Structure formats: C-alpha cells, structure tokens
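Okay, so here's the structure we're looking at.
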Amino acid sequence: MINKTVKIMECSRVFALPMTILSWLVIFVFSYLDSGNILYGLISLAGLCLAHLGANVLDDYFDYRALIKQVGFNKSEYLKNSQKTKCRYLVAGVIKPEELFLLGITYLFLAFAIGVFLYTKCGIGVVYFALIGGIIAVLYPFLSRIRMSEILVAAAYGPALFGGVFYVMTGTYETEVFLLSLPTMFMTVILLYAHTVMDYNYDKHEGKKTLANTFPTMEKSLVVLKILYAAAYLSLILLCIFDILDWQVVIVFLTLPMAMDLYQSLKDFSSNPESVPAKKWYHFPMEHRKELEENGDACFMVRIYQARNLMIYFSLLFVISIVLSIGL
C-alpha cells in the first residue's frame, strides 16, 4: 500500500505542490486579516491541490500519447536520454496510461466536489472562479503545446486562485486582490519557465512548441527569465504605490541573490546540460540530492528545486510583509 501511494505521488509530481500551497497562503493570510472565514479557506486549499495534481497527471498522459505516435519512437532509446520527470514512468511501464488517465479524472472530480460544496456555502462566485480553473486544467495539456503554458499558469495562479480564495473567505470581490496576486503569479511562471528552458531540446524534438524554444538557442531564451524577474519584483513596488501594502515588502527583495543564482544555473545548463550546480547553504530543501547525483538526475532536478525554493522563500517573505503591513 505504501509503495503504491509513493508511486501515485511521484506520478502526480507532488514535489510541485508548494507553488499552489504558497500562492494560496499569501491570499489566505490577506483574507484572514480582512476577517475571512478560515475553514472555507482551508477547504479551498484542498480543492486547489487536487486540481493542480489532476492537471499534472493529464498533462503527462496527453504528452505520452503524443510521444508514442511519433514515427520511429523507441522506448529503450528514449529512456536513455529523457528527463526522468517527464513521461518516464509511463514509458518504463511503472503505471499504465489508462490508470494514469483515471487518476487524473479522479483528482479533478474530487476538486469539482469541493467546488460544489463551496458553492452551496458561499454563492455563485465560486462557480465563476472554479469554471476558469477547470477550463485551464482541462485545456492545459493541449494549449501548452502551442506556447500557451505561461499564459494559462498566470491566469490560474493569479486572478483565478487569488480571486477565488478571497471570495470564499470573505464573500466579496476586490480589485486590489488581483494586484496582490501579481508577485507570486510571476514567480510561479518563473518556476514553469525554468522547466521549459531545460526541456528546450526535448520539446523541439517532440514537436512541442513552447515560449522557450521560439528562441534560436536555449541561452537566448533566458531573456524571458529576466523580464519575469523584473515583473515579479517591480510588482511589489506597485503594491506600495497603490497603498495595498506598505514599505515592509522590501524584505522580499532578500530573495534576489537566489534569483540571480537560478539565472546563472540555467545559463550554465544551456552550455552544459550535464553540469550540476554547486551546493550552497541556501539550496534547501533539496530532497534526495545524493540519490539524484548517483543516478544522473541532479543536473535537471537540482535546478527545478532551485526554482521551486525561490518561489517558496519569495512567498514566505511576502506573507511576512503582509502581516507586518496590515496585521500589526
């Protein structure tokens, strides 16, 4: 039973859940300080996590279906060269495609059930936000193949998530909530973009069109990362200008060294995909790093963890700045 649960969690890419949990935490704390309903906020987190896992699973399922249709596809050769986090467990036969599809549908059904419950308790606004999230979850596997990944993730982790959680906790809509979503929204897109940068060659080979591989080289695609960094940090200043938060948001700028570290790490990857970032004191958490280095996955996964951890620290400091600005 334990092994089966572990397999399900690995196939669901549970390691990426912090991007949902931390985004939720930002708006949860903001809503709580606005006399929001804690219970409904916690229930919304369960629904968001289930929707995230469902989208992950279906994305892998449809990527796998497209992969095996390619002329000359060879499982043995693919397993020698592929990133171990993308479709590998399907190609290796760890789980059957139909089992994975059923898992994805189950996740989305449970998320839908939570949405129905919140609708009965909070009102019609739940339907609007849930509908946006549901459409994104279902269409992501298809639209992500035509350079829409970043736009879909921005919509899901910006207005849909923040607006939805704020609504179920307070029963109202507020424009300032959508502005509040911008910093973590951009940081979440950065996490996704770091992944697609490293998948540059694989996606091109498999015919998947992404924002990263529209550029002639992997290194040139990093210009988008600079733009996203600028948007994430400058949007913090925007919150001060519109008097949503106060000067305490400057503490979030403590994450800038981590952002620069990630940029350099991806730049090194673009010139040498086999390189492994040197271990630094702030590279935490880095689960199973020793095993990753032993089986050759460290070059990819350590950088994913770098991007994820940047999002974690950025969001936690953002939450602290919200408490200092309006909670004390």
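It should be emphasised that the depicted structure is a prediction, and the values quoted were computed from it without experimental measurement. Computed over heavy atoms, backbone and side chain alike; hydrogens, waters and symmetry mates excluded.
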Derivation and outcome, side chain to side chain contact (heavy atoms under 4.5 Å, CB included), residues Tyr202 and Lys208: CA-CA 8 Å; Tyr202 295 100; Lys208 186 174 182 177; over 6 Å; no

Between Tyr61 and Leu103, is a side chain to side chain contact (heavy atoms under 4.5 Å, CB included) present by the stated rule, with each step listed? CA-CA 10 Å; Tyr61 172 79; Leu103 177 62; over 6 Å; no

Given Thr255 and Tyr233, is the side-chain hydrogen bond (donor to acceptor under 3.5 Å, both in side chains) satisfied, shown in steps? CA-CA 10 Å; Thr255 60; Tyr233 288 100; 2.7 Å; yes

Walk me through it: do Tyr157 and His52 pass the test side chain to side chain contact (heavy atoms under 4.5 Å, CB included)? CA-CA 10 Å; Tyr157 284 87; His52 181 174; 3.2 Å; yes

Just do the side chain to side chain contact (heavy atoms under 4.5 Å, CB included) check on Leu316 and Leu25 with the steps written out, would you? CA-CA 8 Å; Leu316 288 176; Leu25 182 61; 4.1 Å; yes

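Under a hydrophobic-cluster definition in which Ile, Leu, Val, Met, Phe, Trp and Tyr are linked whenever side-chain heavy atoms come within less than 4.5 Å, directly or via other members, Val116 and Phe129 are assigned to different clusters. A single hydrophobic cluster is seen to contain both Ile135 and Tyr107, as judged by linkage of ILVMFWY side chains at heavy-atom distances under 4.5 Å, directly or through other members. When the side chains of ILVMFWY residues are joined at heavy-atom separations under 4.5 Å, either directly or via intervening members, Leu131 and Ile43 end up in a single hydrophobic cluster. Placement of Met311 and Leu234 in two distinct hydrophobic clusters is found when ILVMFWY residues are connected by side-chain heavy-atom separations under 4.5 Å, directly or transitively. Put simply, Leu33 and Phe242 are part of the same group of oily side chains (I, L, V, M, F, W, Y) that touch within less than 4.5 Å, one to the next.
At least one side-chain heavy atom of Leu180 sits less than 4.5 Å from a side-chain heavy atom of Leu239. The side-chain heavy atoms of Asn309 and His283, taken from C-beta on, include no pair separated by under 4.5 Å. Between Ile21 and Cys49, the closest side-chain pair of non-hydrogen atoms falls below 4.5 Å. With contacts defined as side-chain heavy-atom distances shorter than 4.5 Å, the pair Glu176/Phe166 does not qualify. Counting heavy atoms from C-beta on, the side chains of Leu48 and Val165 come closer than 4.5 Å. Within the 4.5 Å cutoff, the side chain of Tyr193 has heavy atoms near those of the Val224 side chain. Within the 4.5 Å cutoff, the side chain of Val276 has heavy atoms near those of the Arg289 side chain. Contact of the Met218 side chain with the Val197 side chain is registered, since non-hydrogen atoms from C-beta on lie closer than 4.5 Å.
Distance CE/Met286 to NZ/Lys280: 10.5 Å, rounded to 0.5 Å. Ser325 contributes atom OG, which lies 11.5 Å from atom CD1 of Ile320 (distance to the nearest 0.5 angstrom). Here the CG atom belonging to Leu45 is positioned 9.5 Å from the CG atom belonging to Leu50, to the nearest 0.5 angstrom. The line from CG of Leu161 to OG1 of Thr20 is 7.0 Å long, rounded to the nearest 0.5 Å. Of the inter-residue distances, the one linking Asp297 atom CG with Ile304 atom CD1 reads 11.5 Å to the nearest 0.5 angstrom. Taken to the nearest 0.5 Å, the CZ atom of Phe186 stands 15.5 Å off from the CG atom of Leu191.
When all heavy atoms of Leu245 and Ser321 are compared, the pair lying nearest together is CD1-OG, 4.5 Å. Nearest heavy-atom pair across Leu58 and Leu108 is CD1-CD1, 3.5 Å. Contact detail for Pro159 and Ala154: the closest heavy-atom pair is CD-O, 3.7 Å. Scanning both residues, Val126 and Gly115, for their nearest heavy atoms gives CG1-O, 3.5 Å. The shortest non-hydrogen separation linking Thr196 to Asp203 is O-OD2, 4.3 Å. In this structure, Trp24 and Gly41 approach most closely via the heavy-atom pair NE1-O, 2.9 Å.
Phe101 and Phe62 have perpendicular rings, their planes meeting at more than 60° on a 0 to 90° scale where under 30° would count as parallel. Between Phe318 and Phe314, the two ring planes are tilted [angle within 30° to 60°].
A side chain to side chain contact (heavy atoms under 4.5 Å, CB included) with Phe269 is found for exactly one of Met198, Gln264, Glu274, Glu219, namely Met198.
A side-chain donor-acceptor contact under 3.5 Å links Ser23 to the backbone of Met19. The closest donor-acceptor contact from the side chain of Asn213 to the backbone of Asn201 lies at 3.5 Å or more, if one exists at all. A donor-acceptor pair under 3.5 Å is formed between the side chain of Thr217 and the backbone N or O of Lys220. No donor-acceptor pair under 3.5 Å is formed between the side chain of Arg303 and the backbone N or O of Ala194. Counting only distance, with no hydrogens or angles, the side chain of Tyr140 and the backbone of Ala55 share no donor-acceptor pair below 3.5 Å. Under the 3.5 Å distance criterion, the side-chain polar atoms of Tyr313 are left unmatched by any main-chain donor or acceptor of Leu254. Side chain of Ser315 to backbone of Ile312: no donor-acceptor contact under 3.5 angstrom is found. Checked by atom type and distance alone, the side chain of Ser181 pairs as donor or acceptor with a backbone atom of Phe178 at under 3.5 Å.
Ionic pairing of Glu293 and Lys279 is not present here: no N-O contact between side-chain nitrogen and carboxylate oxygen is shorter than 4.0 angstrom.
Counted within 6.0 Å of OH on Tyr32, heavy atoms from surrounding residues, nucleotides or ligands total 12 or fewer; the atom is thus considered open. More than 12 heavy atoms of other residues, nucleotides or ligands shown are found within 6.0 angstrom of NZ on Lys204. The local environment of OH in Tyr282 is crowded, with over 12 non-hydrogen atoms from other residues, nucleotides or ligands closer than 6.0 Å. The number of heavy atoms from other shown groups lying within 6.0 Å of CZ (Phe253) is above 12.
Under the 6.0 Å cut-off for aromatic ring centres, Tyr40 and Tyr167 do not qualify, their centroids lying 6.0 Å or more apart.
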